[in-house]
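In what follows, a single structure is set out as structure tokens and then discussed.
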Amino acid sequence: MAILATPLRSVATSSKTHSARSWQESLRRAIRDPVQLCRSLQLPPQYEQAAAQASQLFGVFVPREYLGRMKKGDEKDPLLRQVLPIAEEIEPGKGFSLDPVGDAAALRARGLLHKYHSRVLLIASGACAVHCRYCFRRHFPYEQMPRRLEDWQPAMEQIKEDTTIEEVILSGGDPLMLTDQRLAELAGCLEPIKHVKRLRIHTRLPVIIPSRVTDSLLSLLSNRHLMPVVVVHINHPAEIDIPVSMALSRLVEAGILVLNQSVLLRGVNDSAEVLTTLSKRLVDLRVMPYYLHQLDRTLGTSHFEVPVDIGIAIIEQMRSRLPGYAMPRFVQENRGKLSKQVLA
Ligand SMILES: *Cc1c(COP(=O)(O)O)cnc(C)c1O
Ligand code: SF4
């Protein structure tokens, strides 16, 4: 079990502004009990036992802001399906493994993954604001990643020495689980490195707990010479309610390039109609659809898989309905390759 069940360790410090307190309060109030999750959505009782069992492999974590966007009594709700442990997770799934994308082989220093030319990825936090059942890093050894600022020293040295690195991606887990102060410290370590031009953040927090987009986050991202890029992760248009659209607009208005990535998920968004609606909503908010990922074959996620040829057919239907700039690239990650592979 990898993702830390108690994200509080990394968020419980400092930050005294009202909004900072409220996103941290939302984390504290999140649902961690699988039975409570089932009951608060009025699911049939047979879901409770399966949820309890499957959550032993990977805990439940659902903030109330996200829960509030689900339909009560609907076990097929596309948001619920992303977070509800079900019996299928316990089945092994042929070809599904603990590290399907070769993360372990790409570790160059503690917390530093280097797979592709000109950009590296830092595992900035092991915690997330939601536990997505299909997560490809659900078995990642987060406990071995850096926690204190000193632990980042070897990774920072590597970035300093390798002048081909132009972009540093903060990922995890979710890097926005760190306090603004800690994020500013990390960015402060990168800023003096002349060849690093861009700082990218891969996060689900603006979508799960939109109050995470604090004034101090916006100013720490926009007031430096590193170009800020934020890649959010939205799979279904029902994830975008009014607070989420306001949070995304605040990022855009602060001059940040905001992109979206989705994972193609059976029973969640495996339809041209759903994904077309999602792309339109995103573009209306000036968020550019970036990637639609083919599911990584991580143990416990096989029930989410959509065959590649169906994914390609969905993409082709979308292309017949959307302007070119609203089309995500449909990609797959294959271990040992120089980039993600574009499928359509
Ligand atoms: C996906 C990924 C990236 C980013 O790839 P882009 O194609 O630039 O979005 C970088 N590093 C690692 C290790 C990745 O898995
Ligand atoms: S937020 Fe991202 S890293 Fe965290 S569980 Fe979801 S998919 Fe995985």
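Along the sequence shown, residues are numbered consecutively beginning with 1. Indexing begins at 1, ligand by ligand and atom by atom, following the structure's order. All values below come from the heavy atoms of this structure, side chains included, with hydrogens, waters and symmetry mates left out. These numbers were taken from a predicted model, which means no experiment stands behind them.
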Report task. With heavy atoms under 4.0 Å as the rule, classify the contact between Val101 and ligand 1 as side chain, backbone, both or neither. Result -> neither
Query raised in the report: Which bit of Lys340 gets closer than 4.0 Å to ligand 1, counting heavy atoms only: side chain, backbone, both or neither?
Result: side chain
Taking only heavy atoms of [X] into account, list the atoms of ligand 2 that are under 4.0 Å away from them.
X      : result
Gly173 : 3 (S)
Cys128 : 1 (S), 3 (S), 4 (Fe), 5 (S)
Arg204 : 1 (S)

Just verifying a value: how many Å separate [X] [atom1] and [Y] [atom2], rounded to the nearest 0.5 Å?
X      : Y      : atom1 : atom2 : answer
Leu264 : Ile312 : CG    : CD1   : 10.5 Å
Arg133 : Gln82  : CZ    : CD    : 12.0 Å
Arg147 : Arg110 : CZ    : CZ    : 9.0 Å

Query raised in the report: Is there a heavy atom of Asp174 sitting under 4.0 angstrom from any atom of ligand 2?
Result: no
Less than 4.5 Å apart, side chain to side chain, heavy atoms only: is that true for [X] and [Y]?
X      : Y      : answer
Lys340 : His293 : yes
Arg182 : Leu149 : yes
Ser271 : Ile314 : no
Leu199 : Met227 : no

Report task. For the residue pair His131 and Phe61, categorise the inter-ring angle as parallel (less than 30°), tilted (30 to 60°) or perpendicular (more than 60°). Result ->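 Tilted.
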Any nitrogen or oxygen of [X] lying under 3.5 Å from a nitrogen or oxygen in ligand 1? Just yes or no.
X      : answer
His202 : no
Tyr290 : yes
Arg119 : yes

Requested in this report: Please name the residue in the list Asp174, Val130, Val230 that meets the side-chain contact (heavy atoms from CB on, under 4.5 Å) test with Leu205.
Outcome: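 Going through Asp174, Val130, Val230 one by one, the side-chain contact (heavy atoms from CB on, under 4.5 Å) with Leu205 is satisfied by Asp174 alone.
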Query - Residue-ligand contact Arg200/ligand 1, heavy atom below 4.0 Å - result: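 Arg200 counts as a contact of ligand 1 under the 4.0 Å cut-off.
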Report task. Compute the minimum heavy-atom distance from Glu167 to ligand 1 and say whether it is under 4.0 Å. Result ->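 No, Glu167 has no heavy atom closer than 4.0 Å to ligand 1.
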**Report entry** For Lys115, atoms of ligand 1 separated by under 4.0 Å from a heavy atom
**Finding:**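 Near Lys115, meaning under 4.0 Å from one of its heavy atoms, ligand 1 has 13 (C).
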Requested in this report: Output the list of atoms in ligand 1 that are nearer than 4.0 Å to some heavy atom of Ile169, sorted by atom number.
Outcome: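 Per the distance check, 3 (C), 4 (C), 10 (C).
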Query raised in the report: Of all the non-hydrogen atoms in the protein, which one sits nearest to atom 7 (O) of ligand 1, and at what distance?
Result: Tyr291 OH, 2.6 Å
Query raised in the report: Considering only the protein, which heavy-atom contact is closest to atom 12 (C) of ligand 1, and what is its distance?
Result: Leu121 CD1, 3.6 Å
Query raised in the report: Does a side chain donor of either Gln317 or Arg321 reach within less than 3.5 Å of an acceptor in the other side chain?
Result: yes
Query raised in the report: Do any of the N/O/S atoms of Cys132, backbone or side chain, fall under 2.8 Å from atom 6 (Fe) of ligand 2?
Result: yes
